[in-house]
Amino acid sequence: MTGRLTNREVISLLEKIAILLEIKGENRFKIIAYKRAAENIASLGIELDQLREEELRDIPGIGEAIAAKIHEFLETGKLEYYEKLTAEIPESLLSLAELPEMGPKRVRSVWADLGITNLQSLEEAARKGLLRHLEGFGPRLEDKLLSGIEKTREKKISGRIPLGKAWEVAHDLLAALGKHEKVLKISPAGSLRRMQETIGDIDLLVASSEPSSVMTFVASLPQVEDTILQGKTKTSVRLKSGLQVDVRVMDPSSWGTALQYFTGNQEHNVQIREWALKRGFSLSEYSLGNVSTGEELFFNNEDSLYVFLDLVYIPPELRQGRDEIELASKGKLPDLVVMDDIKGDLQCHTQWSDGRNSLGDMVKGAMKRGLEYLLITDHSHALGIAGGVSSADLENQGKEIDELNASLKGSFRVLKGVEVEVLSDGILDLDEKVLKNLDLVVAAVHSSLRQDRERITERILRVLDNPFVDILAHPTGRLLSNREGADADWERVFAKAAEKDVLMEINASPKRLDLPDRLARRALEKGCRFVISTDAHATDQMDFMHLGVGIARRAGLSSSEIANCWSLERLMEWKKTRLSS
DNA sequence: GCCGTTTTCGGCCCGACTGTTTTCAGTCG
């Protein structure tokens, strides 16, 4: 056995195989199979190295051949098939395939005809004007490739951005577009609408009978750097921030099919179109065509389209190309939590530690957002960087909270809490006699996240065994596109959390989104219950709640499983029974 | 290479846009 391999490494291997096979010119369905397998692993809530080879085959899209390859790779750290493949097709061609406009055919072409195997030699050939002589190439493409190479070097082609950031950008664009008089309807689409944790580009769908006018307007917006492409119904622009925005304009009569198509994901769309075909209908973004009669059916909303196809409406967050169509056909989709279900926020910070606003302001912020209760959870003192509170501070804060509650006369309830630091051995930073006086206790790991799996797992399990801990904050500790989460054995963590009824947090901070949806789904399967918390360090950050709700919906969570959807009475009753058990 | 409410073999979504063409291939989603 070599060092452990993560799912990420298996996904990367399968993706590389797919691209190499494309360059090789293999059967395209074989290529799709590798890509599908990689995608399905990406949304898996369990580490592959915890599964036996037979169990790998239970993952959709993974059959005998790919299971055997994954198994070999996990066991030996190598894959003979891959080594043979790269002996035939140079691995360095993968870097060419990452360039915009360079797909497998063109990569093969420059390699086979000009012997080009890396970015430098491609750039040289383009500068010398050698590429334009290849079949299907020309001067325009040569220019595009050169600028693509340059942008890649300058890292100007932005990678995926966090969901929260994408919503900020989209919000402005939607507002601007909404003012255009020819815009009849407008909606976010794509991964943004599906609330995926990171977003590659922003997709917007517009209904209008004058597409060209709308698209010209889009290209003229002040945030736009340049127009990547513009056709009759579709335009893509790059913003000054580097982010790409795709706008598709459709006739309002096609709104239902168009929004369905443009929301995806790709795999869900493939499945829904196959599902429609089995029923004799061909689905496109324009309409649903009856294959035998040629009759076209139009849907002005998504709901009626799904219902026509003998399904119930599938919320965008569940359109992941998993088992959602099968569940929808049986009416077994979960009843997903919605923003209106949220009654309180169970993690926030004030000026008592590293928050920007006073306790009173945070309470006002929560009331303004229609909440009924707010748990104050300043950091405990071990987290020096955050100016954490001592037990004496907590006592004084408690008095402030009592006074606030007295003045609020029951219209809102401020709850006493803390985000208590978990030390490296799993011991808490505050005494039990302090913790037991609080309404709810949130425990969090902020340090030594890089401990090996056994050690960090034992550490978290010890926290879950502590009878005073009610909530485990941001369980993995990851920071999106910045820091990987802890490598804990989540199967054991979730089993223990379910046993002890410690609530798993879905932290809605755009930097975190933790638990991630794939792990939250797994936790749900293990019987866990949850909270969705903003972790607000200022009043405006209380608006992060919708991001957390999006992640929860992707995980298939209902309000009954989320403690801050409960009434205050039920929440406090729950706490009481925990203390007495 | 995967998969099964037409199938264990023969299928495996559908269209926009660009640059190269002179009717289309390649890329992208």
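Chain identifiers are assigned alphabetically (A, B, ...) following the order of the sequence lines, protein sequences preceding nucleic acid strands; residue numbering begins at 1 within each chain.
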Flag this pair as yes if the NZ/CZ of A/Arg273 is under 6.0 angstrom from the six-membered ring centre of A/Trp275 and inside a 45 degree cone about the axis; otherwise no. no
Shortest non-hydrogen contact from A/Leu515 toward A/Ile551: O-CG2, 3.7 Å
For B/dT8, which nucleotide in any strand shown is its Watson-Crick or wobble partner with both distances under 3.5 Å? none
For the pair A/Glu142 and A/Lys128, find out whether any cationic side-chain nitrogen is under 4.0 Å from an anionic carboxylate oxygen. no
With nearest nucleotides of DNA chain B determined for A/Pro104 and A/Pro60 from heavy-atom distances, which residue corresponds to the more 5′ nucleotide? A/Pro60
Describe the nucleic acid contact of A/Gln266 in one word from base, sugar-phosphate, nothing, applying a heavy-atom distance below 4.0 Å. base
How is A/Leu277 classified with respect to the nucleic acid when contacts are heavy atoms under 4.0 Å: base, sugar-phosphate, or nothing? sugar-phosphate
Looking only at heavy atoms, the pair that brings A/Ala508 and A/Phe544 closest together is CB-O, 3.3 Å
Which part of the nucleic acid, if any, lies within contact of A/Arg248, taking any heavy atom under 4.0 Å across all strands shown: a base, the sugar-phosphate backbone alone, or nothing? sugar-phosphate
Which residue lies more 5' along DNA chain B, comparing A/Gly63 with A/Asn269 via nearest heavy atoms: A/Gly63
At under 4.0 Å between heavy atoms, what does A/Tyr261 touch on the DNA or RNA strands: base, sugar-phosphate, or nothing? base
How are the rings of A/Tyr306 and A/Tyr313 set relative to one another: parallel (under 30°), tilted (30 to 60°) or perpendicular (over 60°)? perpendicular
Within the 4.0 Å heavy-atom criterion, would you say A/Leu283 contacts the bases, only the backbone, or no part of the nucleic acid? sugar-phosphate
Which is true for A/Arg36 with a 4.0 Å heavy-atom rule: it touches a base, it touches only sugar-phosphate, or it touches nothing? nothing
What are the bounds, 5' to 3', of the part of DNA chain B that sits under 4.0 Å from heavy atoms of chain A? B/dG1 to B/dG29
Evaluate the ring planes of A/Tyr34 and A/Tyr81, with Trp represented by its six-membered ring, and classify them as parallel (under 30°), tilted (30 to 60°) or perpendicular (over 60°). parallel
When you check the gap from the basic side-chain N to the acidic O, do A/Glu54 and A/Arg57 get nearer than 4.0 Å? no
Using the C1' atom in both, what is the distance from B/dG11 to B/dT6, to the nearest Å? 11 Å
Taking the C1' atom of each, how far is B/dT7 from B/dC2, in whole Å? 13 Å
Atom P, compared across B/dG29 and B/dT22: separation rounded to whole Å: 28 Å
Please classify the nucleic acid contact of A/Ser236 as base, sugar-phosphate, or nothing, using heavy-atom distances under 4.0 Å. nothing
How far apart are the closest heavy atoms of A/Asn300 and A/Lys185, and which atoms are they? O-NZ, 3.6 Å
Euclidean distance for P, B/dT20 against B/dG15 (whole angstrom): 26 Å
May I ask you to say what A/Gln271 touches in the nucleic acid, namely base, sugar-phosphate or nothing, with a heavy-atom cut-off under 4.0 Å? nothing
What's A/Lys35 touching, base or sugar-phosphate or nothing? Going by heavy atoms closer than 4.0 Å. nothing
Using a 4.0 Å heavy-atom cut-off across all strands, classify A/Gln230 as base, sugar-phosphate, or nothing. sugar-phosphate
Gap in Å between the two P atoms, one belonging to B/dT8 and one to B/dC3, rounded: 16 Å
Could you measure between the two P atoms, the one in B/dT21 and the one in B/dA16, and give it in whole Å? 24 Å
Expressed in whole Å, how much space separates the C1' atoms belonging to B/dT23 and B/dT18? 15 Å
